[in-house]
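Hydrogens, waters and symmetry mates play no part in the numbers below; they use all other heavy atoms, side chains included.
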Amino acid sequence: MTEEEFSDINGNTISLDCQSHSEFCKEFTNTNVLSAAIIVTLVGMMLHLHFVKIDHESMLIIGSLGIQISASYASGRESTSFIEMSKVKDIVINEAIYMQRVIYYLCILLKEPSDPDGVSAVVPLFQSSKPRLNCLEEVYKSCQDILGQS
């Protein structure tokens, strides 16, 4: 094969290796593109593990203080948020239609500061684990017991 220079769409020179295994089989390898594809894939997987893949979720309710929501990611990173009990209006089980299925999820309704009967925001819980309705009912009952005491 003759030595010919190849370039990408920006005019940069790229290398092209050709290996002849037989007259019916030739292997063309562009090492720069292959290396870049592998590196991008690995970086993408690391970012997915660090920012997206949740290992487990938890909720801690302390009646006099508030609700702590935690998520642990596969990379070991943890995310925690706290909602003061004075901002919580109620905890409810909500339903949604997703991909031709009805799914249920637990959510916290936050009070509207100016309107005592209004809801300012809805905070969904356990979005990654997506527990079934019977599990959500158990958590809901426990939450309502604690909210009723405070």
Side-chain angles (χ1 to χ4, degrees), residues 6-19 21 25 27-150:
F6 295 96
S7 61
D8 62 6
I9 59 173
N10 296 322
N12 299 325
T13 303
I14 59 173
S15 64
L16 181 66
D17 297 328
C18 177
Q19 295 179 357
H21 300 289
C25 180
E27 179 181 1
F28 291 95
T29 307
N30 183 338
T31 55
N32 294 339
V33 173
L34 188 59
S35 299
I38 291 171
I39 290 171
V40 167
T41 302
L42 290 175
V43 168
M45 289 172 51
M46 293 301 293
L47 289 173
H48 176 76
L49 286 176
H50 190 70
F51 291 110
V52 177
K53 178 80 171 105
I54 294 178
D55 193 30
H56 72 273
E57 300 168 296
S58 66
M59 175 178 66
L60 172 66
I61 300 179
I62 301 173
S64 59
L65 292 176
I67 302 171
Q68 176 179 304
I69 304 162
S70 300
S72 295
Y73 292 82
S75 65
R77 182 176 70 99
E78 291 197 17
S79 167
T80 303
S81 61
F82 185 78
I83 302 171
E84 294 177 25
M85 197 55 79
S86 62
K87 296 179 181 179
V88 175
K89 180 174 178 135
D90 201 1
I91 297 177
V92 297
I93 295 177
N94 204 356
E95 64 184 12
I97 298 173
Y98 177 75
M99 302 289 287
Q100 300 175 345
R101 290 184 9 207
V102 176
I103 60 168
Y104 299 93
Y105 58 96
L106 198 67
C107 43
I108 301 171
L109 304 178
L110 300 180
K111 292 179 186 175
E112 177 71 43
S114 59
D115 181 16
D117 294 329
V119 175
S120 67
V122 177
V123 179
L125 303 171
F126 307 118
Q127 289 182 330
S128 177
S129 56
K130 296 181 180 73
R132 293 190 175 270
L133 181 59
N134 58 354
C135 178
L136 290 176
E137 288 173 341
E138 288 296 317
V139 175
Y140 172 78
K141 289 174 187 174
S142 297
C143 292
Q144 291 301 323
D145 289 344
I146 293 171
L147 290 175
Q149 293 174 2
S150 59

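- Between the CD1 atom in Ile93 and the NZ atom in Lys141 there is a gap of 9.0 Å [rounded to 0.5 Å].
- With rounding to the nearest 0.5 angstrom, the CG atom of Asp90 is 11.0 Å from the CG atom of Leu110.
- Remark: Leu60 CG to Phe82 CZ distance equals 8.5 Å, nearest 0.5 Å.
- The two residues Val119 and Lys89 have their closest heavy-atom pair at CG2-CD, 3.9 Å.
- For the residue pair Leu133 and Tyr104, the shortest heavy atom distance occurs at CD1-CG, 3.8 Å.
- Using a distance-only test at 3.5 Å, with no hydrogens or angles considered, no donor-acceptor pair links the side chain of Glu57 to the main chain of Leu125.
- For the atom pair CD1 of Ile91 and CG of Leu136, the computed distance is 12.0 Å after rounding to the nearest 0.5 Å.
- With sequence neighbours excluded, the residues that form a side-chain contact (heavy atoms from CB on, under 4.5 Å) with Ser70 are Ser58, Gln68, Thr80.
- At distances below 3.5 Å, not a single donor-acceptor pair connects side-chain atoms of Lys130 with backbone N or O atoms of Tyr105.
- Leu65 contributes atom CG, which lies 13.5 Å from atom CD1 of Ile83 (distance to the nearest 0.5 angstrom).
- Between Ile62 and Met85, the shortest heavy-atom distance links the atoms O-CE, 3.6 Å.
- In this structure Met46 satisfies the side-chain contact (heavy atoms from CB on, under 4.5 Å) test with no other residue, sequence neighbours excluded.
- For Ile97, the CD1 atom counts as loosely surrounded, since its 6.0 Å shell holds 12 or fewer non-hydrogen atoms of other residues, nucleotides or ligands.
- With sequence neighbours left out, Asp55 forms a side-chain hydrogen bond (donor to acceptor under 3.5 Å, both in side chains) with no residue at all.
- Residues Cys107 and Pro124 come closest through the heavy atom pair CB-CA, 3.9 Å.
- Lys87 NZ: 12 or fewer foreign heavy atoms inside a 6.0 Å radius.
- Here the CD1 atom belonging to Ile108 is positioned 8.0 Å from the SG atom belonging to Cys143, to the nearest 0.5 angstrom.
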